[in-house]
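These figures come from a predicted structure and were not determined experimentally. Proteins come first, then strands; the chains are lettered A, B, ... in the order of their sequence lines, and each starts at number 1.
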Amino acid sequence: MAKMHIATTINGEPTEFLCEPHQSVLDVLRNTLGLTGSKEGCGTGDCGACSITLDGRLVCSCLVMAPEVEGRQITTIEGMAQGDHLHPLQQKFLELAALQCGICTPGFLVAAKALLEQNPDPTESEVRFWLAGNLCRCTGYDKIVRAVLETAADMKGAA
Amino acid sequence: MNAIDNKWIGQRTIRPDGADKVTGRACYSADLSMPGMIWAKVLRSPHAHAVIRGINTAKDEALPGVKAVVTAADMVEFPLDKSVMLGIQDMRWMSRNMLAREKALFHGHPIAAVAAISEEIAAQACKLIEVDYDVLQHAIEIEDAIKPDAPILHDFVRHEGQKSNIAGTMVIKQGDIEAGFAEADIVIERSFKTRPVHQGYIEPHACTVSCTADGKVTIWSSSQGQFMVRGMTSLLTGIPQSNIRAIPAEIGGGFGAKTIIYLEPVAVLLSKKSGRPVKLVMTRDEVFRSTGPTSGSMSTIKIGAKKDGTIVAGQGTFYLQAGALPGSPLRGAVGCSFGPYDIPNVLSVGYDVLCNRSKVAAYRAPGAPIGAYVMESVLDELAEALKIDPLELRLKNSAKKGTKASYGAVFGAITFEETIRAIKEHPHYSAPLEHAPEKGVLRGRGVASGFWYNAGGESSAQVNITEDGNVTVTTGHPDVGGSRASIANVTAELLGIEHKRISVLIGDTASIGFSNLTGGSRVTFASAMVVTQSAEKVIAQLRERAAKIWKIDPEAVAWANGEARPAGPNAGQFPPLTLKDLAAKANEMGGPIGAGVQLTTTGADPGFATHVVDVEVDVELGIVRVLRYTAAQDVGRALHPDYVEGQVQGGVVQGIGWALAEEYLYDKQGRVDNASFLDYRMPVCSDVPFIEPLVLEIPNPKHPQGVRGAGEAPLVPPLAAINNAVYNALGKRFYSLPLSPPKVLAVIEG
């Protein structure tokens, strides 16, 4: 079968690629487009390491078929910092050491950003339930939750 | 080193590798691709136990796009009767774990591997491989493997003169166990079970390798030791170590399981055959079926004590599942159970039990959580029977400096008591705990302690001064949890410069001296030691250069705050020379400035931890929730407190998973039934509260900064602490893990 031609927007940039109908967005991001910031921890939507947003909605890119992104807006971890200016969540994750090995970090950051866009003032419980789709085996989640809560407080203060 | 004077040690600096890790740029094992690269897949056994009568690869080799196929026949053969060791790993077992030779020993055991121009073609080719199996009966559980008519995994294994699945025994003896129990006023004997649990790192195993026509091999992979990757690949492929360069990718979690390898030698053989770079990545399903976990266990423990709580005898029997090839962590279970206590009479015996599961791999304080679970659960019963506070009971019996531990060591300046007191005096321990039966929940509090040996071993470092007067530090240790940040702090402290002027790198096997594994809570201990010695040599060079410039004796030059100064008024009057000044003059005054140290480090004293936990049990649903958790541990010195706290918090949550939810399910054919993160239930963010680390810093006198090690001990107490808390909530004791809802409900309704 001939490959499909897909035109989409990734991190604000018009992007075209060829894919098999059965390929996942994660596969295309990592292996066709070289955007390896999204990680494959499971390939079954259980770990959240491949989190991206699709038209603003948080999804596991391993569960979205590549042809589905035609004409849509994707953001990945690579689109989070502006040049060398880190997003406040990225900065806070560094300041509070909210990562150890770092493999789950891109997924947590993308998911946390999606949370704060929807709910700028989440409670601890709301943060914990929102991030329940992202697995981390190193940190016990402690410093991650604190980093998200502190970022929310900072952004609220700055607004 | 006086903590009060420290400018950088103990600071929460930003890790040197941080920006790459929050922007997605850090390169993990599956992130690298190469020009001309092809993809590999592994064919795995569909049977739990089968003789391999033959493998026919003709059909798959003929498939267009297939470039190479390998089986065990392509690997160096290690005869079953001769042990060849690399560290603690026996190549007889490692080679057979990587590619099955005589038998398929578990469902998912690698049989062959294919490299092709795409992953799809490689997978398709795997299906064309014809394997002639003679399917045998299997044994998954310990009870099945040790019964008299059990299917035997390996004919050469003998136990007490008979063919057996017990591949090894470990015995620890102290005093006279019979006399000890005769002295006791009270004896408690209980039996326990734990299930195998997976290390659960989020990054599946992966590698990219390139083997060139002149026989040179380059390996990019993540592991807990690039030198282990090189050594094991060399032994299994027959390629000399000097021809192999192992480059450590960033590692996405290991927890012990990446102290061995599964893929690299297979990929090297495929690359050699095909002449192309090869990438081999495991799926999560493969990770669950074929790697790790740690052992399941079946144990009996018997404690004898005087009425005042003095323990006079301790006896333990531990059966640990090795999986399909020998090597369960007996030392942790047998030794760490009684290890923290001053018990005159001990007999602790462990058995290494083969069964048709994947071969176990190290998991954070290997075996110790199992030993502590049984010991600390029985101590809770003993405290209750004698009406003694459980922490007082531990204080009464705790090992101290000079205690001869049952496992043989005479303890140095250990600090077990301090961790118990830290919990005893913490507000958590005395906070009221209210039941809420009207809400259908009962609450309970439990405590437990634990210890880990810690380790020194081989490490190498190189500290170089750049021409512009900044610093690069290279060590040979993969950074699993922020060790680069600790090294930056130490180097900044010693050289007296801003930590941002220091770049910390992980060398590959061709660019830094041999360094043993990142594991055993040794890396911060050992690498800080070699970096300190290297930095001290650099400082000596800097003083010599200043002395040469000033034409005075090097002894008359002092180094402080990043600059050389005359040591005193008699040395003469000279304006200070900074690192930048001396670097600029380096080449004219004697050449480049830098020094390295390669050392077998010693002096790692054991680490102790004591934990308290509050739980809530939903009596309708059987769900146990952790409400509050406080973990005290002496780490000696926290070079970077964030990453020490992170070790404690992460270890505790792994313990919560082990205690409450994690287990493998097998079907009747001996296949793992829950090989996914959906069905193998690790704790998620909403399952746990904040974990409060009580980090004690009582310096280890045998380390330049006082470091003891931090990583393992946090996983030792949680199993028993939670078990004891659930008893405290329900008034019913549990003797097996996990405390999953069906099991808890059965006891509540029991």
Worksheet item: So which part of Gln91(A) gets closer than 4.5 Å to some heavy atom of chain B, the side chain, the backbone, both or neither?
Response: side chain
Item to complete: Answer with side chain, backbone, both or neither: which region of Ala132(A) has an atom nearer than 4.5 Å to a non-hydrogen atom of chain B?
Response: both
Discussion item. Parallel, tilted or perpendicular, judged at 30° and 60°: which one describes the rings of Phe108(A) and Tyr141(A)?
Written reply: tilted
Worksheet item: Who wins among Gly482(B), Ala26(B), Pro683(B) for the most heavy-atom pairs under 4.5 Å with chain A?
Response: Pro683(B)
Fill in: Top contributor to chain A contacts, counting heavy-atom pairs under 4.5 Å, from Gly650(B), Gly24(B), Ser686(B)
Ser686(B)
Discussion item. Does either side chain, that of Thr76(A) or that of Asn11(A), offer a donor lying less than 3.5 Å from an acceptor on the other one?
Written reply: yes
Fill in: Interface moiety of Ile202(B) toward chain A, non-hydrogen atoms closer than 4.5 Å
both
Discussion item. Between Phe255(B) and chain A, with a heavy-atom cut-off of 4.5 Å, which part of the residue counts as in contact: side chain, backbone, both or neither?
Written reply: side chain
Worksheet item: Between Lys143(A), Arg30(A), Arg128(A), which shows the greatest number of heavy-atom pairs under 4.5 Å with chain B?
Response: Arg128(A)
Worksheet item: Is there a donor-acceptor contact under 3.5 Å linking the side chains of Gln11(B) and Asn489(B)?
Response: no
Fill in: Side chain / backbone / both / neither for Thr283(B) at chain A, heavy atoms under 4.5 Å
neither
Item to complete: Side chain from CB out, backbone as N, CA, C, O: work out which of these in Ala30(B) comes under 4.5 Å of a heavy atom of chain A, or both, or neither.
Response: both
Worksheet item: Is the closest basic N to carboxylate O distance between Arg57(A) and Asp55(A) below 4.0 Å?
Response: no
Worksheet entry | Heavy-atom proximity to chain A below 4.5 Å, by part of Val652(B) | neither
Worksheet entry | Note: Glu150(A)-Lys92(A) ion pair, threshold 4.0 Å (strictly below) | yes
Practice prompt. Using non-hydrogen atoms and a 4.5 Å limit, figure out which bit of Glu203(B) sits close to chain A: side chain, backbone, both or neither.
Written response: both
Practice prompt. Examine Trp658(B) together with Tyr363(B) and report whether their ring centres are nearer than 6.0 Å.
Written response: yes
Discussion item. Out of Glu40(A), Lys39(A), Glu78(A), Met80(A), return the one with the most heavy atom pairs under 4.5 angstrom to chain B.
Written reply: Lys39(A)
Worksheet item: So Tyr643(B) and His640(B), would you call those rings parallel, tilted or perpendicular, with 30° and 60° as cut-offs?
Response: tilted
Worksheet item: salt bridge (Lys or Arg N to Asp or Glu O under 4.0 Å) between Glu250(B) and Lys258(B): does it pass, once the steps are laid out?
Response: CA-CA 12 Å; Glu250(B) 292 301 328; Lys258(B) 290 178 186 169; over 6 Å; no
Worksheet item: Where on Pro689(B) is there a heavy atom nearer than 4.5 Å to chain A: the side chain, the backbone, both, or neither?
Response: backbone
Worksheet item: Does a side chain donor of either Ser221(B) or His205(B) reach within less than 3.5 Å of an acceptor in the other side chain?
Response: no
Discussion item. If I measure from the heavy atoms of chain A, does Gln199(B) come under 4.5 Å with its side chain, its backbone, both, or neither?
Written reply: backbone
Worksheet, complete the sentence: The interface call for Leu89(A) against chain B, heavy-atom contacts under 4.5 Å, is neither
Item to complete: Quick one: which of Gly43(A), Gly140(A), Gly37(A) has the most heavy-atom pairs under 4.5 Å with chain B, could you say?
Response: Gly140(A)
Discussion item. Taking side chain as everything from C-beta outward and backbone as N, CA, C, O, which of these in Leu109(A) sits under 4.5 Å from a heavy atom of chain B? Side chain, backbone, both or neither.
Written reply: side chain
Response to the item:
Turns out that what part of Asp84(A) lies under 4.5 Å from chain B's heavy atoms comes down to neither
Practice prompt. Take the angle between the ring planes of Trp8(B) and His499(B) and call it parallel below 30°, perpendicular above 60°, tilted in between.
Written response: tilted
Fill in: Flag, side chain of Ser61(A) to backbone of Cys50(A), donor-acceptor distance under 3.5 Å
yes
Practice prompt. Answer with side chain, backbone, both or neither: which region of Phe690(B) has an atom nearer than 4.5 Å to a non-hydrogen atom of chain A?
Written response: both
Worksheet item: So which of Asp142(A), Val145(A), Leu131(A), Thr36(A) has the biggest tally of heavy-atom pairs under 4.5 Å with chain B?
Response: Asp142(A)
Item to complete: Check each atom of Leu86(A) against the heavy atoms of chain B and say whether the ones under 4.5 Å are side chain, backbone, both or neither.
Response: side chain
Worksheet item: Do Glu662(B) and Arg137(A) meet the salt-bridge criterion of a basic N to acidic O distance under 4.0 Å?
Response: yes
Practice prompt. Among His611(B), His428(B), Glu692(B), find the residue that satisfies the side chain to side chain donor-acceptor pair (under 3.5 Å) test when tested with Tyr629(B).
Written response: His611(B)
Discussion item. Taking every non-hydrogen pair under 4.5 Å, which of Asp642(B), Val653(B), Leu32(B) racks up the most with chain A?
Written reply: Asp642(B)
Practice prompt. Go through the atoms of Arg25(B) and report whether side chain, backbone, both or neither lie under 4.5 Å from a heavy atom of chain A.
Written response: neither
Response to the item:
Per-residue tally against chain A (heavy atom, under 4.5 Å) across Asp479(B), Asp31(B), Ile14(B), Asp687(B) peaks at Asp31(B)
Fill in: Test: Glu645(B) and Arg12(B) ion pair at under 4.0 Å
yes
Worksheet item: Any salt bridge between Lys3(A) and Glu16(A), counting N to O under 4.0 Å?
Response: no
Discussion item. Out of Cys42(A), Ala49(A), Pro106(A), return the one with the most heavy atom pairs under 4.5 angstrom to chain B.
Written reply: Cys42(A)
Discussion item. Only pairs of heavy atoms separated by less than 4.5 Å count here; which of Ala206(B), Gly252(B), Ser222(B) has the most with chain A?
Written reply: Gly252(B)
